[in-house]
Amino acid sequence: MTDITIEPALSEHLAALRAIELAAFETLRKAGAVSGSPVANSLEALHQLCTQGVLLVAFAPGEIPVGFAGAVITENWLHIAEADVHPDWQRQGIGRRLMHALLSEGKARGLNGASLTTDRDAPFNAPFYASLGFDIVEGCAISSRLKAVLAAETQAGLDPKRRVAMQLLY
């Protein structure tokens, strides 16, 4: 997939990224990870990732956004907030390239590592992140920071039995 480029997001990309996230919702729905009406980050939340965190976009030829990955930096950790590839472009290595670029950015900044929360049961979520070097953290190994993220996800309606915290040390 040499014709895909990864670049930092700009404000003019945010609406397209939101559309990608809404489209990718259907992939999660088919895996049983979500239900109900499609939801996505607000333009304000994406703008915050763009200005205060790290937000990368995968572009197809013609500068067409086809995927993105974003993270916040908190407590010297890169926390992956969102990673999506449009369904028409999935299973082509784009998500892996986005994640490698995001993880490289965290490492270059001298952070402790990267963390995320994801669906435990969808075959393309936790196993994908494990293939990148992330390990599941459970019980007392879950930091208070990740416990707060999981609690917020439960409050937002995600099934806590399906959620898992993962981290990768640099």
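The structure displayed is predicted, hence computed values, not measured ones.
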(request) Decide yes or no for Q167 and L146: does some side-chain heavy atom of the first lie under 4.5 Å from some side-chain heavy atom of the second? (result) yes
(message) Using modelled atom types and a 3.5 Å cut-off, is there a donor and acceptor pairing between side-chain atoms of Q90 and backbone atoms of V85?
(response) yes
(request) Give the C-alpha distance, both sets of side-chain angles, the deciding distance and a yes or no for side-chain hydrogen bond (donor to acceptor under 3.5 Å, both in side chains) between H79 and T74. (result) CA-CA 7 Å; H79 182 77; T74 181; over 6 Å; no
(message) Ignoring hydrogens, what is the shortest heavy-atom contact between A71 and I80? Give both atom names and the distance.
(response) CB-CA, 4.0 Å
(request) Hey, could you give me the OG/CD1 distance between S104 and I6, rounded to the nearest 0.5 Å? (result) 11.0 Å
(request) Would you check if W77 and V72 make a side-chain contact, meaning some heavy-atom pair closer than 4.5 Å? (result) no
(message) Can you tell me how far apart CG (L14) and NE2 (H47) are? Round to the nearest 0.5 Å.
(response) 7.0 Å
(request) Check whether any side-chain heavy atom of L116 lies under 4.5 Å from a side-chain heavy atom of Y129, and answer yes or no. (result) yes
(message) Nearest 0.5 angstrom please: L17 CG to L22 CG, how far?
(response) 11.0 Å
(request) Check the surroundings of atom NZ in K147: do more than 12 heavy atoms from other residues, nucleotides or ligands lie under 6.0 Å from it? (result) yes
(request) Mind jotting down which residue pairs meet the salt bridge (Lys or Arg N to Asp or Glu O under 4.0 Å) criterion with at least one end in residues 124-141? Sequence neighbours excluded, please. (result) R120-E138
(request) Give a yes or no on whether the ring-centroid distance for F59 and H13 is below 6.0 angstrom. (result) yes
(request) Considering non-hydrogen atoms only, spot the tightest contact between I20 and H86 and give its length. (result) CG2-N, 3.6 Å
(message) Within this structure, what is the CG-CD distance for the pair L111 and E105, rounded to the nearest 0.5 Å?
(response) 8.5 Å
(message) Counting C-beta onward and ignoring hydrogens, is there a side-chain heavy-atom pair between T117 and V164 closer than 4.5 Å?
(response) no
(message) The test is side-chain hydrogen bond (donor to acceptor under 3.5 Å, both in side chains); show your working for R18 and S42 and say whether it passes.
(response) CA-CA 7 Å; R18 190 167 191 282; S42 67; over 6 Å; no
(message) Would you say that F134 contacts T118 through its side chain, given a criterion of any heavy-atom pair below 4.5 Å between the two side chains?
(response) no
(message) Give me the atom names and distance for the closest heavy-atom approach of R96 to L132.
(response) NH1-CD2, 3.3 Å
(request) Compare every heavy atom of F68 with every heavy atom of L55, then report the nearest pair and how far apart it is. (result) CD1-CD1, 3.8 Å
(message) Once rounded to the nearest 0.5 Å, what's the spacing between atom CZ of R162 and atom CG of N125?
(response) 9.0 Å
(message) Tell me which one of V149, T154, L150, D121 satisfies side-chain contact (heavy atoms from CB on, under 4.5 Å) with R163.
(response) L150
(message) To check you understand the geometry: which heavy-atom pair defines the closest contact between A16 and P65, and what is its length?
(response) CB-CG, 3.9 Å
(request) Evaluate the side-chain proximity of V54 to R109: yes if any heavy-atom separation is below 4.5 Å, no if none is. (result) yes
(request) Could you state whether V137 and Y170 fall into the same hydrophobic cluster, counting links through intermediate Ile, Leu, Val, Met, Phe, Trp or Tyr residues with side-chain heavy atoms under 4.5 angstrom apart? (result) no
(request) Take L56 and E7 through the side-chain contact (heavy atoms from CB on, under 4.5 Å) test and state the conclusion after the steps. (result) CA-CA 6 Å; L56 302 176; E7 301 290 336; over 6 Å; no
(request) Taking all heavy atoms of A24 and all of D84, pick out the closest pair and write down the distance. (result) CB-OD1, 3.5 Å
(request) Report the distance from atom CD1 of I142 to atom CE of M166, rounding to the nearest 0.5 Å. (result) 12.0 Å
